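Have a look at the structure below before the remarks.
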Amino acid sequence: MSSPEQYNAIKELLYKMADDQLIIGHRNSEWTGIGPVLEEDIAFGSMAQDKVGHAYNFYQLLHEMGEADPDTIAFQRDEKDFKCSHLVELPIGEFDFSLVRHFLFDHAEYIRFEMLANSSFEPLANLARKYKSEIKYHIFHANTWIKQLMNGSEESKARIQSSFNELLQASFSIFEPGPFEDLLIKEGIFDGEKALEIKWFETISAITSDNGIKLPEVQDKSIAYGGRKGYHTEYLKPLLLEMTEVLRSEPGAEW
């Protein structure tokens, strides 16, 4: 990559992916000690570690491209400087809520990494190939629980359906287009958010249909937009304050 515009396009893509991973990783970690069964404490904790690790490596790649070091990027930016989607910011709610968010988010991430595995930007392609194999287990976990609960009691079925009703519109925040979409596509760096959204919706539609879930109709997907431009939900700032509490009390601490 040679032109400043190409570098800016890649940085914007890396920031939004990394911020999504960091924030959903923090949210998943909140299940530690309160999961419905011990195995889910462990599972959500393990997925949280994976996602924070992914965020770290994306931040490290940004650092190699001239941005600040990972600690500074993760813990010393203002709320408005984060590019995470609204979906990942929402509180964990009940287990069905977090499970459905996990299902919606991780299917999008798996397809994103599949696309990026063929990116013309080789450092990103290398990370995507590695992460794709890890996210495969995340979506297996989500799919298994969705199927199990939809084959369970009337209450479990109703809870899962209700969470899809509540979360589907917010999930389109993942695919908010950035200012460099055309350039990313033209240069073979990334196929673009619209292509990702289409593949994702086809994938989740097939799985939910097979399990008796009816996806609600979303009239205006852009209602969920804003996070990529620094306009966040009321939930992000308290999360960032909690996440940076140690750093603020011990400025010399390292991630």
Side-chain angles (χ1 to χ4, degrees), residues 20-21 23-52 84-113 132-175 196-221 223-224 233-236 238-239:
D20 270 358
Q21 297 284 348
I23 300 305
I24 194 67
H26 185 87
R27 283 301 189 207
N28 283 349
S29 75
E30 293 175 3
W31 278 104
T32 304
I34 63 170
V37 291
L38 177 60
E39 288 81 359
E40 286 310 292
D41 276 13
I42 297 168
F44 266 81
S46 176
M47 289 187 291
Q49 285 185 312
D50 284 346
K51 292 186 187 307
V52 173
C84 50
S85 62
H86 287 178
L87 179 69
V88 301
E89 300 170 10
L90 302 175
I92 60 173
E94 299 290 339
F95 182 71
D96 53 275
F97 184 94
S98 282
L99 174 63
V100 170
R101 173 168 56 184
H102 157 40
F103 172 87
L104 295 167
F105 180 80
D106 282 311
H107 273 286
E109 288 304 283
Y110 183 76
I111 298 168
R112 186 185 294 276
F113 292 146
K132 185 177 72 167
S133 63
E134 295 177 4
I135 297 294
K136 178 174 66 175
Y137 293 101
H138 294 199
I139 60 175
F140 174 77
H141 173 269
N143 291 352
T144 299
W145 268 101
I146 292 291
K147 181 177 181 179
Q148 183 171 328
L149 290 173
M150 287 305 294
N151 285 314
S153 67
E154 290 304 311
E155 181 184 359
S156 68
K157 294 176 186 178
R159 280 176 170 266
I160 293 298
Q161 180 64 65
S162 178
S163 289
F164 273 100
N165 294 347
E166 185 175 357
L167 280 166
L168 187 66
Q169 181 166 279
S171 67
F172 284 98
S173 64
I174 299 170
F175 314 107
L196 171 58
E197 179 190 315
I198 291 169
K199 289 186 178 181
W200 167 82
F201 195 73
E202 290 174 350
T203 299
I204 66 162
S205 293
I207 296 170
T208 52
S209 178
D210 287 346
N211 286 284
I213 298 163
K214 183 177 180 181
L215 294 179
E217 186 175 347
V218 177
Q219 298 288 347
D220 185 0
K221 299 170 184 176
I223 288 177
T233 67
E234 64 190 283
Y235 306 110
L236 181 61
L239 183 153

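Below, all heavy atoms of this structure are taken into account, side chains as well, without hydrogens, waters or symmetry copies. For this chain, numbers begin at 1 and follow the sequence in order. These figures come from a predicted structure and were not determined experimentally.
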* Stepwise side-chain contact (heavy atoms from CB on, under 4.5 Å) check, Glu166 with Val100 -> CA-CA 10 Å; Glu166 185 175 357; Val100 170; over 6 Å; no
* To do: Verify, without hydrogens or angle tests, whether Glu197 (side chain) and Phe175 (backbone) share a donor-acceptor contact under 3.5 angstrom.
  => no
* Determine whether the aromatic ring centres of His141 and Tyr137 lie less than 6.0 Å apart. => no
* Count the heavy atoms of every other residue, nucleotide or ligand shown that sit under 6.0 Å from CZ of Phe97, and state whether that count exceeds 12. => yes
* Inter-residue atom distance Asn143.CG - Thr208.OG1, 0.5 Å rounding -> 10.5 Å
* Does any donor atom in the side chain of His86 or Gln169 lie under 3.5 Å from an acceptor atom in the other side chain? -> no
* Would you name the heavy atoms of Ser156 and Leu149 that are closest together and state the gap between them? => OG-O, 2.6 Å
* Measure from the side-chain N and O atoms of Ser171 to the backbone N and O of Leu168, and report whether any donor-acceptor pair falls under 3.5 Å. => yes
* Starting at CZ of Phe164, measure out to CG of Asn211 and round the result to the nearest 0.5 Å. => 8.5 Å
* Asked: Any chance the rings of Phe44 and His102 have centres within less than 6.0 Å?
  -> yes
* Between NE2 on residue His107 and OG1 on residue Thr203, distance to nearest 0.5 Å -> 7.5 Å
* Structure fact -> Heavy atoms of Arg101 and Leu167 approach each other most closely as N-CD1, 3.7 Å
* Is any side-chain heavy atom of Trp31 closer than 4.5 Å to a side-chain heavy atom of Glu40? -> no
* **Residue pair Leu99 / Phe103, side-chain heavy-atom distance below 4.5 Å** => no
* Does the pair Lys51/Glu109 count as a salt bridge with the N-to-O cut at 4.0 Å? -> no
* Asked: Is the backbone N or O of Lys214 less than 3.5 Å from a side-chain atom of Gln161, with the two atoms forming a donor-acceptor pair by type?
  -> yes
* Asked: Quick one: NE2 on His138 to OG on Ser46, what's the gap to the nearest 0.5 Å?
  -> 6.0 Å
* Would a 4.5 Å heavy-atom cut-off, applied to side chains only, mark Ile160 and Trp145 as touching? -> no
* Asked: Do the side chain of Ser205 and the main chain of Phe201 share a donor and acceptor less than 3.5 angstrom apart?
  -> yes
* To do: Please report the shortest heavy-atom distance between Ala224 and Ser173, naming the atom on each side.
  => O-CB, 3.2 Å
* What are the two closest non-hydrogen atoms of Ser85 and Asp20, and how far apart are they? -> N-OD1, 2.8 Å
* Asked: So, are Lys157 and Glu154 salt-bridged, with charged N and O less than 4.0 Å apart?
  -> yes
* **From Leu90 atom CG to Glu234 atom CD, the distance as rounded to the nearest 0.5 Å** => 9.5 Å
* Under the criterion side chain to side chain contact (heavy atoms under 4.5 Å, CB included), which of Ile213, Asp96, Leu104 is the partner of Ser163? -> Asp96
* Asked: Given Ile92 and Asn28, is the side-chain contact (heavy atoms from CB on, under 4.5 Å) satisfied, shown in steps?
  -> CA-CA 8 Å; Ile92 60 173; Asn28 283 349; over 6 Å; no
* Structure fact -> Heavy-atom closest pair (Ile135 atom, Asp106 atom, distance to 0.1 Å) is CG2-O, 3.6 Å
* Asked: Does the side chain of Arg27 come within less than 4.5 Å of Phe105's, by heavy atoms?
  -> no
* Asked: Which heavy atom in Phe113 sits nearest to a heavy atom in Gln21, and how many Å separate them?
  -> CZ-NE2, 3.7 Å
* Asked: If we only count heavy atoms from C-beta on, is the Met47 to Ile24 side-chain gap below 4.5 Å?
  -> no
